[in-house]
Undergrad: 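Quick one: the structure is below, questions incoming.
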Amino acid sequence: MITDYERILDIILEDLIPLTKISINKGNKIFGAFIVKKSDLSIICLGTNQEIKNPLFHGEISTLFNLFEKKLFNSKDYYFVSSHEPCSLCLSAITWSGFDNFYYFFPYEDTKDNFNIPHDLKILEEVFNIKQGNYQKNNQYWQSFSIISEINKLGKDKHLLPKITKIKDEYQKLSKIYQETKINNNIPLN
C-alpha cells in the first residue's frame with residue numbers, strides 16, 4: 001500500500017499534468033495514468049488519453065501499452081495510479097494486465113459532474129447494471145483506492161491540501177480546454 005502520497009501528488013503535478021496538457025491540445029480527453037515501482041515509487045511509465053488515434057486508447061490503456069513495450073511483465077511489483085477512476089474498459093485492462101491494485105485521484109462523480117464526461121457511469125449502468133459506479137472495489141484480482149480517501153485516513157490532508165487543490169485547479173483548466181475543443185475531434189463518446 002502506498003504510504004508516500006506526497007510523492008504521488010508530485011508525479012501528478014510535475015509529470016502527468018504536463019503530458020496531459022499536450023494530449024488535450026491535440027483533442028484528447030483529460031485522462032492519464034502512471035506506474036511506479038512499489039519499492040521506491042520511481043516512475044516506470046506514464047500515459048495519457050490518445051483517443052484521437054483510436055477510441056480504445058484511454059489514458060490507462062496507453063499507460064499499459066507503455067509498460068509492456070518496456071518488456072516489464074511482473075505487474076505485482078508496481079502501483080498503478082490513474083488521474084480518474086477507471087472506466088469499465090480500463091478496469092478490465094488493469095485486471096488482464098495482472099495488477100493487484102490501482103489508485104485514482106478523481107472518482108466517477110467528479111468525472112461526470114465536474115468534467116462533464118458521464119460515460120463511465122452510464123456504461124457501467126447500461127451495460128453491466130452497476131448503479132452509481134458501485135463495482136466491487138476489493139476483489140480476488142485487485143484492490144482499488146481513492147488517493148484522497150487514503151490521504152484523509154492517514155490524517156495528512158491538511159499538509160497535502162495545497163497540492164490537492166492545485167491538482168484539482170489544473171484539471172479544471174484542462175477540462176475547460178477539452179470541452180471548448182471537443183466538437184472538433186472525432187472521438188465517438190465526447
Side-chain angles (χ1 to χ4, degrees), residues 1-2 4-108 110-111 115 117 119-120 123 135 141-147 150 163 167 170-171 173-175 177-178 181-182 185-190:
M1 189 147 174
I2 293 175
D4 185 357
Y5 285 98
E6 185 161 16
R7 169 77 176 133
I8 298 302
L9 297 178
D10 286 342
I11 294 170
I12 294 171
L13 284 166
E14 297 167 12
D15 299 292
L16 188 59
I17 288 174
L19 192 62
T20 302
K21 283 180 185 177
I22 294 166
S23 181
I24 294 285
N25 286 322
K26 293 178 181 176
N28 293 295
K29 288 188 181 97
I30 59 176
F31 307 120
F34 58 90
I35 297 168
V36 295
K37 280 186 189 177
K38 286 182 177 178
S39 60
D40 62 5
L41 299 182
S42 60
I43 300 173
I44 299 301
C45 64
L46 296 103
T48 60
N49 189 288
Q50 300 296 316
E51 284 181 288
I52 59 169
K53 288 182 192 173
N54 180 326
L56 300 179
F57 287 170
H58 292 197
E60 295 90 341
I61 302 298
S62 294
T63 304
L64 291 168
F65 272 102
N66 293 339
L67 175 71
F68 293 123
E69 280 181 1
K70 293 175 180 262
K71 307 290 187 220
L72 299 172
F73 296 104
N74 192 358
S75 327
K76 304 276 190 270
D77 292 338
Y78 310 112
Y79 292 119
F80 190 99
V81 182
S82 183
S83 61
H84 294 72
E85 194 166 7
C87 71
S88 55
L89 170 71
C90 297
L91 288 172
S92 294
I94 291 166
T95 305
W96 281 104
S97 296
F99 280 86
D100 60 8
N101 71 85
F102 68 87
Y103 292 76
Y104 58 89
F105 190 87
F106 294 104
Y108 290 138
D110 282 347
T111 303
F115 301 112
I117 303 173
H119 311 299
D120 299 344
I123 291 170
Y135 60 89
Y141 298 103
W142 40 252
Q143 292 184 302
S144 68
F145 303 93
S146 159
I147 292 170
E150 294 302 307
K163 289 183 183 193
I167 290 168
E170 289 297 316
Y171 272 96
K173 291 175 194 172
L174 293 171
S175 178
I177 295 167
Y178 170 71
T181 60
K182 72 180 182 180
N185 68 28
N186 230 2
I187 299 171
L189 295 178
N190 275 329

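For the single chain, residues carry numbers from 1 onward in sequence order.
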Undergrad: Name the orientation class of the two ring planes belonging to F99 and Y78 (parallel below 30°, tilted from 30 to 60°, perpendicular beyond 60°).
TA: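 Ring orientation of F99 relative to Y78: tilted.
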
Undergrad: Checking side-chain contact (heavy atoms from CB on, under 4.5 Å) between I30 and each of K173, H84, E170, which is the one that passes?
TA: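 Among K173, H84, E170, the one meeting side-chain contact (heavy atoms from CB on, under 4.5 Å) with I30 is H84.
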
Undergrad: If you count the non-hydrogen atoms of other residues, nucleotides and ligands that lie under 6.0 Å from OH in Y141, is the total more than 12?
TA: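 Open: at most 12 neighbouring heavy atoms sit under 6.0 Å from OH of Y141.
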
Undergrad: Give a yes-or-no answer on whether the side chains of S62 and E60 include a donor-acceptor pair shorter than 3.5 Å.
TA: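 E60 and S62 do not have a side-chain donor-acceptor pair below 3.5 Å.
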
Undergrad: For the atom pair CH2 (W142) and CG (D100), what is the distance rounded to the nearest 0.5 Å?
TA: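 Answer rounded to 0.5 Å: 11.5 Å.
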
Undergrad: If you measure from CG on N49 to OG on S83, what distance do you get to the nearest 0.5 Å?
TA: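 Output value for this atom pair is 9.0 Å.
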
Undergrad: Looking at E51, is its backbone amide N or carbonyl O close enough to the side chain of N28 to form a donor-acceptor pair, meaning the two atoms are under 3.5 Å apart?
TA: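 Yes: the side chain of N28 pairs with the backbone of E51.
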
Undergrad: Before giving the answer on side chain to side chain contact (heavy atoms under 4.5 Å, CB included), spell out for L13 and K163 the whole-Å C-alpha distance, their side-chain angles and the decisive distance to 0.1 Å.
TA: CA-CA 8 Å; L13 284 166; K163 289 183 183 193; 4.0 Å; yes

Undergrad: Shortest non-hydrogen contact from I2 to Y103?
TA: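 Looking at all heavy atoms of both residues, the shortest contact is N-OH, 3.1 Å.
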
Undergrad: Within a reach of under 6.0 Å around OH of Y135, are more than 12 heavy atoms found that belong to other residues, nucleotides or ligands?
TA: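 Yes, enclosed.
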
Undergrad: How far does OH of Y79 sit from CE of M1, to the nearest 0.5 angstrom?
TA: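 Going from the OH atom of Y79 to the CE atom of M1 covers 8.5 Å.
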
Undergrad: I'd like to know if the side chain of K29 reaches the main chain of Y178, judged simply by a donor and an acceptor atom lying under 3.5 Å from each other, with no hydrogens or angles considered.
TA: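 Side chain of K29 to backbone of Y178, a donor-acceptor pair under 3.5 Å: no, none is there.
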
Undergrad: Has the side chain of T48 got a donor or acceptor atom that lies under 3.5 Å from a matching backbone atom of T20?
TA: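 Not confirmed, T48 side chain does not pair with T20 backbone.
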
Undergrad: Is there a donor-acceptor pair under 3.5 Å between the side chain of Q50 and the backbone N or O of F57?
TA: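 Between the backbone of F57 and the side chain of Q50 there is no qualifying donor-acceptor contact (under 3.5 Å).
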
Undergrad: Which pair of non-hydrogen atoms, one from S82 and one from A33, has the smallest distance, and what is that distance?
TA: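 Answer, listing the atom of S82 first, then A33: CA-CB, 3.9 Å.
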
Undergrad: Can you tell which of I12, I44, D15 makes a side-chain contact (heavy atoms from CB on, under 4.5 Å) with F34?
TA: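 Among I12, I44, D15, the one that satisfies the side-chain contact (heavy atoms from CB on, under 4.5 Å) with F34 is I12.
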
Undergrad: List the atom of S88, the atom of I123, and the distance in Å for their closest heavy-atom pair.
TA: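 Closest approach of S88 to I123, heavy atoms only: OG-CG2, 3.5 Å.
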
Undergrad: Tell me, with the steps shown, if I17 and Y171 meet side chain to side chain contact (heavy atoms under 4.5 Å, CB included).
TA: CA-CA 8 Å; I17 288 174; Y171 272 96; 3.7 Å; yes

Undergrad: Work out which heavy atom in L89 is nearest to a heavy atom in L56; give both atom names and the distance.
TA: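 Smallest interatomic distance, heavy atoms only, reads CD2-O, 3.7 Å.
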
Undergrad: Would the F115 and F106 ring centres measure less than 6.0 Å apart?
TA: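 Here the rings of F106 and F115 have centres that are less than 6.0 Å from each other.
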
Undergrad: Looking at F31 versus H58, is the centre-to-centre ring distance below 6.0 Å?
TA: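 No: the rings miss the under 6.0 Å criterion.
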
Undergrad: For a quick test of reading the model, state the closest non-hydrogen atom pair linking L174 to K21 and the distance between them.
TA: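 Scanning both residues, the minimum pair turns out to be CD2-CG, 3.3 Å.
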
Undergrad: Locate the shortest heavy-atom distance separating I8 from V81; write the atom from each residue and the value.
TA: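 So the two residues come closest at CG2-CG1, 4.0 Å.
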
Undergrad: Inspect the surroundings of NZ in K38 and state if more than 12 heavy atoms from other residues, nucleotides or ligands are less than 6.0 Å away.
TA: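 Check passes, neighbour count above 12.
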
